[in-house]
Each structure stands twice: as structure tokens, then as C-alpha cells.
There are 2 protein chains.
Amino acid sequence: MTMMFGPDDLIDHDGPITPYRQLAAILKARIARGDWRPNRPIPSEARLVQEYGLARSTVRRGIAELVAEGVLFVMPQRGTYVSPSDSTEGAEG
Amino acid sequence: MTMMFGPDDLIDHDGPITPYRQLAAILKARIARGDWRPNRPIPSEARLVQEYGLARSTVRRGIAELVAEGVLFVMPQRGTYVSPSDSTEGAEG
DNA sequence: ATCAATTTGTTCGTATGTATG
DNA sequence: CCATACATACGAACAAATTGA
């Protein structure tokens, strides 16, 4: 299996895949990798803006993608969190 | 081998070859020459319209020709990209 | 209660690019 | 050629709630 994304992967603004989809894929990969655990917050939108060099609207779009997938959930004025998974977790808990 | 087309080649509107085929040949030559790399966008349709003095429909027709050949691929609302080739491209990454 | 910093929610404007007529 | 529609991206500004001092 090949690793598609990493924590320090950069966004390819000229690539065929839209930046917000690239971000969604990167965040998804980082979650799967365990960078952020269930019920734990991911970096703030502002932090992701800095880290990946994207506009905030683009970051929000990428996050919205994962919220729609159930990977993330948002607590307004609090943060964006990794959804608790029903199958993946529970091993060591 | 001889170089048939170049970046600043012009379209011969009175010649026996239709303009859209001339454009397709020009673009193909420029890709082979390395003007645009795999997974990188070629100039926008509007840009090609200006550069070669063609109608947009003609540009689109020429592009469609190369898409059919697998030389280019289009990402809607994003751009037209050079297909990643397995044999035509150079060894240098 | 006041102040400041942080974080998500929302809207507006501008630009680019394809899709279609 | 022009006009319209849609999708995407960036930038800026403001609102609302949270947090900590």
C-alpha cells in the first residue's frame, strides 16, 4: 500500500484536483493515521490556512466535505472534531 | 527529425489543413517539446483564442481532438491538463 | 463586568475557468 | 465574437460564542 498524503503535504494549486478536495483527502489521511483521535479537535481553520496556504473559504469547504462524510463534526465557537468511529475504535480504549 | 511546430506558430486559415487540426498538431508538438508537463494545465481556452487568433469553438474542437487521443484530459470548472504519459514523456522527473 | 484572544458562521466582492447558447 | 450559468479560489470584513485574565 502506498501513502498518499502526509502531514507536511502541500497543496498543488495548479493540479487537476481542486485544493479543497486535496485538503479533505489530506485531513482524512492524517485522521486515519492517528494524528488526531476521535473526539479530539483538529487544528483551527486559521491554523490550517497558515499550514496549507489556502484561503479560509477553501479550508471550510474541505472541512464541510468531511463533515458531510461523517468524518468530522463541528462545535460552533469551539472547534472541529474527529467523529467517534464505531468500528475502528475500541481496541485500546 | 524536423520540428514541425513551435510556440509562436500561426494558423494558416487558407491552407488545406483545417485550423482546429493545425491547433491540435501545434499543441501536441508543444507538449512533446515539454512546454507543458504531465498533470499540468495548458493555457485556458480564452488564452489560446488570443494566442492563435481562433474562434473559441475552434479551440475547443482542437482540444477535443487531443482529449480523444488521450493526450489531454479536462477537469470541468478547473482546466485542461496534459495526460500523464507512460512512454512519451522524458526520463527526468 | 470589562478586555483581549480565539474560533466558527456569514456575507460581499473579485478573479479565473469550463459549459452552453 | 458576446452573454449567461456554474464551480472554484482568494481576500476582507463583521457577527456570535467561548475562553482566560
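Residue numbering restarts at 1 for every chain, and letters A, B, ... go by the order of the sequence lines.
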Hydrophobic clustering (ILVMFWY, side-chain heavy atoms < 4.5 Å, transitive) - are Leu72(B) and Val74(B) grouped together? yes

Please determine whether a side-chain nitrogen of the Lys or Arg among Asp12(A) and Arg40(B) lies less than 4.0 Å from a carboxylate oxygen of the Asp or Glu. yes

Phe73(B) CZ to dT18(C) P, straight-line distance once rounded to whole Å: 13 Å

Working note: Arg61(B) + Glu45(B), criterion salt bridge (Lys or Arg N to Asp or Glu O under 4.0 Å); need CA distance, chi angles, decisive distance, verdict. CA-CA 11 Å; Arg61(B) 199 162 183 192; Glu45(B) 296 178 353; over 6 Å; no

Residue met sooner reading DNA chain D from 5', once Gln50(B) and His13(A) are mapped to nucleotides: Gln50(B)

The ring pair (Phe, Tyr, Trp, His ring centres under 6.0 Å) partners of Tyr20(B) (sequence neighbours excluded) come to none

Using atom CZ of Arg21(A) as one end and atom P of dA7(D) as the other, report the distance to the nearest whole Å. 12 Å

Short N/O separations, protein against nucleotides 8-10 of chain C, under 3.5 angstrom:
residue	atom	partner	partner atom	Å
dT8(C)	OP2	Glu45(A)	N	2.9
dT8(C)	O4'	Gln77(A)	N	3.4
dT8(C)	O2	Gln77(A)	NE2	2.6
dG9(C)	OP2	Arg60(A)	NH1	3.1
dG9(C)	OP2	Arg60(A)	NH2	3.3
dG9(C)	N7	Arg56(A)	NH2	2.7
dG9(C)	O6	Arg56(A)	NH1	2.7

Going by salt bridge (charged side-chain N to carboxylate O under 4.0 Å, His left out), name the pairs with one or both residues in residues 67-82 of chain A, residues two or more places apart or in two chains. Lys28(A)-Glu69(A)

Distance from Ile26(A) atom CD1 to Arg33(A) atom CZ, nearest 0.5 Å? 10.0 Å

Here the ring pair (Phe, Tyr, Trp, His ring centres under 6.0 Å) pairs for residues 21-42 of chain A, sequence neighbours left out, are none

Could you tell me how far apart Ile17(A) (CD1) and dA7(D) (C1') are, to the nearest whole angstrom? 15 Å

For atom CG of Leu72(A) and atom C1' of dT7(C), their distance in whole Å: 15 Å

So which protein nitrogen or oxygen atoms get under 3.5 Å of nucleotides 11-15 of chain C's nitrogens or oxygens?
none

Can you name the side-chain contact (heavy atoms from CB on, under 4.5 Å) partners of Ser44(A), sequence neighbours left out? Ala46(A), Arg47(A)

